[in-house]
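Here the structure is laid out as structure tokens; the discussion comes afterwards.
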Amino acid sequence: AIMEKLSTLGLVLMLFCLAVEGKVIFVFEIMAHGITIPYFDIPEVQFEAVKGEISGSGMRQQYLAGMQVREKYITKKKLLSPVYIEKEIEIHSSDYNQTITSAHSHMLGMYGTSMNVLNDAQKRMAIPPLTLTVTDSVKNGLGEKPLPYNFNVASIQVSARANDTFDYMFCPNAVKTNHKFFGESEDVQKVFDDNKEDIDTLSQKLGMEGELDKYHFFDKIGALLSAEENCFFLPVGEELLKKAKSLFNQLYPFRYSGDEESCKLKATYAMGQILKDFEVAINETEKEETITQKVRKYVLRSTHDVVLAATMKALGIPLTASIPKGSKLTFELQTTAEYSDSADPEDPTNEDNFWVTILYNGEPVGIRDCEGACKWKNFRANLQGYQLLDEISQKCYQLNRQ
């Protein structure tokens, strides 16, 4: 019944957003890394790659996600240039190989084959840095592509873990608080009590011995589902796999977004960065753009599903199941004079001209006190009112050192 209501709400929001859609001028995306090789061993399953690293399936997944961005924001909405221009795009990644590789794969989908012809200056540079006597023949052999498959190199900014506010480990106390919440929650215990027989069977199949550990069990079934995503042989049948998926979906919201206080701490910096970038974008709308003075229009943060879960909880977006690998939370800043009688088309930076649409994996979602397309000033007040900037240093670190 809950899922039916959410589906109906999503349809209503989608129709509303379509009805009032304006011109997209800035996009901020928080992206979970792609499918990875399981972290934990599973009986009878052999991994031919490093545990925890992104797999071929994960890279393909992010490549296709990048192609979707190209289709929407380059081909249809004309937000970004058809060829990669660094000033328009800012790509950030947490300092983990799976998030960095996800960002690279995503950018390949956006701009992997967009530069078809080199200009004269580029052609002169398209030779190895060697002394060659047959330069023309070498050029002819290389062709006009700067790299194999027309690959475009994009800049990805990697944040050091100690300074990465989008890293789920950035706030140690938030992790500890959420960990404690999962262990002590009566709702979590009820899931284990109601599914004891299935949990006992799964524990045995997954090689777990001794007294059941809730955290370890959750991680183990997560590894099992990751193995399935990578098409590995599984030590469980189809019915038991369905039960494992059901248990994982039931436990996931408690494990990663159940505790409201820890979610506030994890999401505070993310919300602050979104507000900062949107304010800059609004102030840039009155400037005339040229090819040499492009303004930033698209920001991608490649991180972990835990960050998405915390941010969704902080914004009041319902989370009733696990967040799939490669998921996205997209914030679109739009401008139009048609939304409001108070809008002022003569003043490009008037805040009444701007609205925000939030999408989860491409589907519009509402946030706390703001359903559908949200007025910029309401969106800003919503996020500012839920941040903990004044308290975060003490709550994250000082208490942790005691």
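Residues: numbered from 1 along the sequence shown.
Heavy-atom neighbours of Glu279 CD from other residues, nucleotides or ligands within 6.0 Å: above the threshold of 12. Heavy-atom neighbours of Lys205 NZ from other residues, nucleotides or ligands within 6.0 Å: at or below the threshold of 12. When the shell of 6.0 Å around CE of Met67 is examined, it contains 12 or fewer heavy atoms from other residues, nucleotides or ligands.
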Yes or no on ring-ring contact (aromatic ring centres under 6.0 Å, His included) for Tyr63 and His106, after CA distance, side-chain angles and deciding distance? CA-CA 5 Å; Tyr63 176 81; His106 187 277; 9.9 Å; no
ring-ring contact (aromatic ring centres under 6.0 Å, His included) assessment of Phe278 paired with Phe28: CA-CA 9 Å; Phe278 278 9; Phe28 191 109; 7.2 Å; no
Check against side-chain contact (heavy atoms from CB on, under 4.5 Å), Ile37 and Val50: CA-CA 7 Å; Ile37 301 298; Val50 179; over 6 Å; no
Assess whether side-chain contact (heavy atoms from CB on, under 4.5 Å) is satisfied between Met31 and Thr303, documenting all intermediate values. CA-CA 6 Å; Met31 178 182 76; Thr303 182; over 6 Å; no
Does the pair Phe331 and Asp277 meet the rule for a side-chain contact (heavy atoms from CB on, under 4.5 Å), with working shown? CA-CA 11 Å; Phe331 299 83; Asp277 285 347; over 6 Å; no
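Classification of the Phe182-Phe192 ring pair by plane angle, with boundaries at 30° and 60°, yields perpendicular.
Here the rule is side-chain contact (heavy atoms from CB on, under 4.5 Å) with Thr36, and of Ser226, Ser102, Ser57, Ser55 only Ser226 fits it.
Contact check on Glu332 versus Lys72 returns a salt bridge, with a Lys/Arg side-chain nitrogen under 4.0 Å from an Asp/Glu carboxylate oxygen. Ionic pairing of Lys375 and Asp352 is not present here: no N-O contact between side-chain nitrogen and carboxylate oxygen is shorter than 4.0 angstrom.
Separation of the His33 and Tyr96 ring centroids does not fall under the 6.0 Å cut-off. For Phe248 and Phe218, the gap between ring centers is short of 6.0 Å.
Remark: the His304 side chain and the Lys325 side chain contain no N/O donor-acceptor pair separated by less than 3.5 Å. Asp200 and Gln204 are not linked by any side-chain donor-acceptor pair at a separation below 3.5 angstrom, with hydrogens and angles left out of the test. Checked by atom type, the side-chain pair Thr335/Asn353 shows no donor-acceptor distance below 3.5 Å. No side-chain N or O of Gln157 forms a donor-acceptor pair with one of Ser93 less than 3.5 Å apart.
Shown here for Lys214 and Gly183, the closest heavy-atom pair between the two residues is NZ-O, 3.3 Å. Shortest non-hydrogen contact noted between Ala314 and Arg368 is O-NH1, 2.8 Å.
The backbone N or O of Phe232 lies less than 3.5 Å from no partner atom in the side chain of Asn230, so there is not a single donor-acceptor pair.
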